[in-house]
There are 2 protein chains.
Amino acid sequence: MSKKLDALGLTEEDFLREYDISKFDQPSLTVDILLLTISENKVDNYRKLANKSLKVLLIKRKEHPFIGKWALPGGFVRMDESIEAAAYRELKEETNVNNAYLEQLHTYGDVDRDPRGRIISTSFMSLVNSNEIDLNPGTDAEEARWFEVEYDVYKKERLFNKIGFIDNEYIRLCLKNDAINLMTEIKASRVVSGKHVSYNHTIESKGDLSFDHALIIQNGISSLRNKLESSDIIFHMMPDLFTLTELQNSFEVILNKKLLKANFRRKISKMVSETSQFTSDAGHRPSKLYEFNPLWED
Amino acid sequence: MSKKLDALGLTEEDFLREYDISKFDQPSLTVDILLLTISENKVDNYRKLANKSLKVLLIKRKEHPFIGKWALPGGFVRMDESIEAAAYRELKEETNVNNAYLEQLHTYGDVDRDPRGRIISTSFMSLVNSNEIDLNPGTDAEEARWFEVEYDVYKKERLFNKIGFIDNEYIRLCLKNDAINLMTEIKASRVVSGKHVSYNHTIESKGDLSFDHALIIQNGISSLRNKLESSDIIFHMMPDLFTLTELQNSFEVILNKKLLKANFRRKISKMVSETSQFTSDAGHRPSKLYEFNPLWED
DNA sequence: GCAATAGTGTCTCTAAGACATTATAAT
DNA sequence: ATTATAATGTCTTAGAGACACTATTGC
């Protein structure tokens, strides 16, 4: 430890002993978990494969504020845990999964984002394989439910003004399951004035979502899409053994577009290794099962 | 506002009136600014172009902790400002620039990252054009200096164990100027155990840098590199008019590798528009001046 | 003429996109 | 045989990489 003295003649040791952090303004800090998975909806036709959909876990709030509305799982960061540890703790409370993939996304720090006071929140994205997850939807004290996510850009516009232009993208996020249908709309703007460019996202209509969680979900899914094709994170959402068609469907459901089979297989071939196992009882040609190859190189 | 009642029979309005946020643990929150620019070091030979280098602004700490060591500019987030507003305020205090490019990077929340107590910090990256910046290095109460950044990976290894392997990258970050030479080393690990993959970065040797700022700088530069080729952020570091060689040198200095001229020009041609102006007095053929074209499309 | 940079042409190689063809299980 | 999916072949196109060549200035 440094023996240098400061302007008051204190050593670092002395300084730290006297230091009272509570004399500074202290906001509260929470974590919010964007827990995503891909699940299968079985289809009646014995020949057809199951439909896949991207799902997000939401909690029905039992307390003020936003009582009765839906929110991302999350909670306050404790003084004796890192924000990552808090995120893992919250994740485990919801899913019983110990070492799921978890990635920090963004920190939301607007002054009035929470009506309880100054609360800053760091969002995390967790990707899990729906087969491995042990969730009791609806039976907890907190009501937790998976919602199917549909994300689409329903309008794009470019507005010119004297000093530049604004590109607006209007995004509609539909979150639904058997019983509930939430809808929220977000405007993503890129403001170009002269040489200066800035971005901002605002909630146009938050529906029955709490806080700024619509924004967190939208930004998170957008970030997932961006990383999808340049990384191997998709495999966190896959079972140990999968067919290449299942893998392709997972990509398609996240990117919300169809891919061509031959090209897709060329592209991901490095990331997977084939096994000697096959699917069966499918009403069509059996499919070879693959596994993730963590040794792949770009 | 919702008229629903909670378990205690309170409306949302009542609940919020009674709510005392201070009964929760409250860490403190700071912002740290990774302020980067590209500057020119004139060369004696009248024919040669100036050398470019990537520079980062550091402050010499005048107070405990880490008194006398170097740190990123930054400070506490006030209760009445968003974290972005805090970042802009700190940036303006250092540079007098009002609307520089500013982007949130990452939030650092380890329990003992700051010896003063529980302090969480969100890092921001700001990119500025060195011609437009009005900084008084060394004359402030705080001593601020630009440091040339050299970033290189000096060792890569893959360690196998029973359940998988670990890829380690050892990164050396040299920060220097006429008078000072800081060196810091970071280990970036990718831990693959079975199907699970995790990442973590640790400071191996922090040199004369304060807190975990070595990590913030390294992560920030790494993120700048990743975004460089897929976005137009480089233009925040360029003057209004520039030659294509200057632009290429800027890319090269950030990516730390040489690019081929013809290919580079093909690739960035969409993002720039030529002007009718030329450089002169250069001891070689004059060069056409270009400007950023904010209307470019990918 | 020289040194250094400016600017362009073009060949190759790889990856992406589009589409076609053949194979095979369950009913 | 029918149906739906499995698996692969190949033609075309776009882009990245490598390299060569010509042009122009100040001294």
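As a basis for the values below, the full set of heavy atoms in this structure was taken, side chains included, without hydrogen atoms, waters or symmetry mates. Convention: sequence-line order gives letters A, B, ...; per-chain numbering from 1.
Atom OH of Tyr46(B) is separated from atom P of dA3(C) by 10 Å (rounded to the nearest Å). Leu247(B) places its CG atom 17 Å from the P atom of dT5(C), with the value rounded to the nearest Å. Counting to the nearest Å, the P atom of dA4(D) and the CD atom of Gln248(A) are 18 Å from each other. Separating the CG atom of Asp281(B) from the P atom of dC27(D) is a distance of 8 Å, rounded to the nearest angstrom. We find that CG of Asn45(A) is positioned 11 Å from P of dT3(D), with the value rounded to whole Å. Atom NZ in Lys48(B) sits roughly 16 Å away from atom C1' in dA6(C) (whole-Å rounding).
Donor-acceptor pairing under 3.5 Å, judged by distance alone, is present between the side chain of Arg47(A) and the base of dT3(D). With hydrogens and angles ignored, no donor-acceptor pair closer than 3.5 Å exists between the side chain of Arg285(A) and the base of dA25(C).
Summarising the local packing, CG of Asp298(A) is surrounded by 12 or fewer heavy atoms from other residues, nucleotides or ligands at distances under 6.0 Å. For Lys258(B), the NZ atom counts as loosely surrounded, since its 6.0 Å shell holds 12 or fewer non-hydrogen atoms of other residues, nucleotides or ligands.
Applying the 4.0 Å criterion to OP1 and OP2 of dT5(C), one finds that Thr245(B) has every side-chain N and O outside that range. Residue Ser287(B) has no polar side-chain atom (N or O) positioned under 4.0 Å from OP1 or OP2 of dT5(C).
Of the residues in residues 255-275 of chain B, those lying under 4.0 Å from DNA chain C by heavy-atom distance are Lys261(B), Ala262(B), Arg265(B), Arg266(B).
For the pair Gly283(B) and Phe278(B), both in contact range of DNA chain C, the more 5′-proximal nearest nucleotide belongs to Gly283(B).
At a threshold of 4.0 angstrom between heavy atoms, the contacts of Ser280(B) with the nucleic acid are absent. Looking at heavy-atom distances under 4.0 Å, Leu49(A) makes contact with sugar-phosphate atoms alone, never a base.
With respect to Glu148(A) and Lys176(A), no salt bridge is recorded, no charged nitrogen being found less than 4.0 Å from a carboxylate O.
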**Study point:** Arg158(B)/Glu297(A) under salt bridge (charged side-chain N to carboxylate O under 4.0 Å, His left out): CA gap, chis, key distance, verdict
**Key:** CA-CA 13 Å; Arg158(B) 170 166 291 176; Glu297(A) 305 278 345; 3.3 Å; yes
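Of the candidates dG7(C), dA6(D), dC27(D), the closest approach to any side-chain atom of Lys288(B) belongs to dG7(C).
Judged purely by distance below 3.5 Å, without hydrogens or angles, the side chains of Glu185(A) and Tyr170(A) never pair a donor atom with an acceptor atom.
Using a 4.5 Å cut-off on side-chain heavy atoms (C-beta onward), Leu105(B) and Leu34(B) make contact.
One N or O on the side chain of Thr37(A) and one on the backbone of Ser130(A) form a donor-acceptor pair closer than 3.5 Å.
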